[in-house]
Amino acid sequence: MSREDREWRIEDRRAARRRLRIAILYFLSSLLFSFCVLCGEFRAADSASWGSDHVGKSLPQFAGGDECLFCHRTDVGPLWAANRHNRTLRRADPDAPALAALQKDEAAQVQFLLGSGRRQRFLKSATAYGKLEMFSVAFDPAAGKLADTEVPKWDASRFADACAGCHCTAVDAKTRAFTAHSLDCFACHGDVPEKHAKDTTLVHLAKKRQDPARVVTSICAQCHLRGGKSRSTGLPYPNQFVPGDNLFRDFEANLRAERIKALNPADRHVADNVRDVVLLGKEDVSCLSCHEIHKQSSKKHHRMAVGETCWNCHTEGASKKEVKEYDVHSETCGY
């Protein structure tokens with residue numbers, strides 16, 4: 001055998017070993033990925049392979065809710081006043097039991113109420129534009145009395161740092177200032193172009209658009225996936241999220257299987273669906289499969305096929321009318 005042939009054979013063996021090492025590494029990587037997904041070890045932030053985001057960018061100019069209701073006054077208008085998205089932060093009713101529980105001078109300062117059945121908070125306008133101050137004292141509707149009464153004071157930063165992102169529209173992550181109190185159309189439908197009147201497929205979450213589950217999940221999870229946080233700001237709400245963005249390019253949440261099991265059923269079914277869509281790539285069920293944005297209706301929920309998600313709130317084998325009793329406590333929301 002010539003020297004040249006020997007060199008060729010040596011090089012062939014080296015190439016074969018390189019290919020074998022690459023194949024082994026690829027196999028081990030695939031095995032590790034599958035194991036981590038099955039165990040829920042990956043976090044949502046690891047699934048940022050699609051879409052874009054507005055992290056650190058200016059939010060777009062958008063039409064306000066009043067402008068939207070000019071055209072949607074007959075379909076959305078009659079329902080919107082009582083809609084939970086619209087009432088997540090609302091003008092304080094002078095006859096509200098929560099205000100009656102306060103002293104007169106304290107009640108006179110309150111302009112907004114936040115929360116409903118579990119805990120209600122009192123707020124007033126701050127001196128800075130687009131900000132609110134929160135009263136340290138809260139109201140417990142179930143007990144019909146005040147809570148956290150030890151050191152009553154108005155806090156200028158708590159609402160901005162913990163609540164604004166899910167209770168106001170278009171919150172600037174740097175200044176914490178918001179554009180509108182409560183959730184406006186922009187929060188779910190995004191920056192809607194003027195041409196949408198002739199082509200509703202231009203509007204996120206429109207029936208004719210049929211957004212993929214990952215887009216729907218990003219829009220809903222920006223507020224409903226409690227316990228998550230922005231990696232860039234550390235705040236418990238997204239950094240400059242605009243509907244249509246991939247929320248999980250910056251927003252992270254612990255979606256480990258054992259952590260999800262420890263959640264109350266209300267939060268667990270949200271985390272379960274986010275994990276299915278974001279980590280496992282399932283596109284068959286999204287939030288809109290069961291829920292409606294504008295209507296307080298449960299028809300879609302009742303029509304859904306029975307699956308694993310149902311057993312978070314219902315008992316397998318029992319009537320769907322039976323719902324498990326559970327308490328909801330949120331470190332993020334403070335109750």
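All values below come from the heavy atoms of this structure, side chains included, with hydrogens, waters and symmetry mates left out.
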Side chains of [X] and [Y] in contact at under 4.5 Å (non-hydrogen atoms):
{"X": "F186", "Y": "C68", "result": "no"}
{"X": "D276", "Y": "V285", "result": "no"}
{"X": "K229", "Y": "E252", "result": "yes"}
{"X": "L202", "Y": "V192", "result": "no"}

*Residues R209, D211; criterion salt bridge (Lys or Arg N to Asp or Glu O under 4.0 Å); working and verdict*: CA-CA 6 Å; R209 183 182 177 89; D211 283 304; 2.6 Å; yes
Members other than [X] in its cluster, when Ile, Leu, Val, Met, Phe, Trp, Tyr link by side-chain heavy atoms under 4.5 Å?
{"X": "F122", "answer": "L99, L102, V110, L113, F135, V137, F139, L146, W154"}
{"X": "W311", "answer": "V306"}
{"X": "L132", "answer": "L89, F112, L114, L123, M134, F159, V171, F178, L235, Y237"}

*Verify salt bridge (Lys or Arg N to Asp or Glu O under 4.0 Å) between R119 and D148, making sure each step is shown before the conclusion.*
CA-CA 11 Å; R119 190 63 57 92; D148 308 322; 3.3 Å; yes
Does either side chain, that of [X] or that of [Y], offer a donor lying less than 3.5 Å from an acceptor on the other one?
{"X": "D184", "Y": "S182", "result": "no"}
{"X": "D272", "Y": "T309", "result": "no"}
{"X": "H167", "Y": "T88", "result": "yes"}

*Run the salt-bridge test on D284 and K282 with the 4.0 Å N-O cut-off and return the result as yes or no.*
no
*Is the closest basic N to carboxylate O distance between D140 and K145 below 4.0 Å?*
no
*Please report the C-alpha distance between D267 and N264 in whole Å, then the side-chain angles of each, then the deciding distance to 0.1 Å, and finally whether the side-chain hydrogen bond (donor to acceptor under 3.5 Å, both in side chains) criterion is met.*
CA-CA 6 Å; D267 288 329; N264 65 77; 3.0 Å; yes
*So how far is it from R275 CZ to N254 CG, rounded to the nearest 0.5 Å?*
11.0 Å
*To the nearest 0.5 Å, what is the distance between NE2 (H329) and CG (L263)?*
13.0 Å
*Ring centres under 6.0 angstrom apart (H72, H189)*: no
*Hey, mind stepping through T233 and N239 against side-chain hydrogen bond (donor to acceptor under 3.5 Å, both in side chains) and telling me if it holds?*
CA-CA 7 Å; T233 66; N239 181 346; 5.2 Å; no
*Please check if atom CZ in R268 has more than 12 non-hydrogen atoms from other residues, nucleotides or ligands closer than 6.0 Å.*
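Yes - once you tally the heavy atoms of other residues, nucleotides and ligands closer than 6.0 Å, there are more than 12.
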*Ignoring hydrogens and geometry, is there a side-chain-to-backbone donor-acceptor pair from D245 to G51 under 3.5 Å?*
no
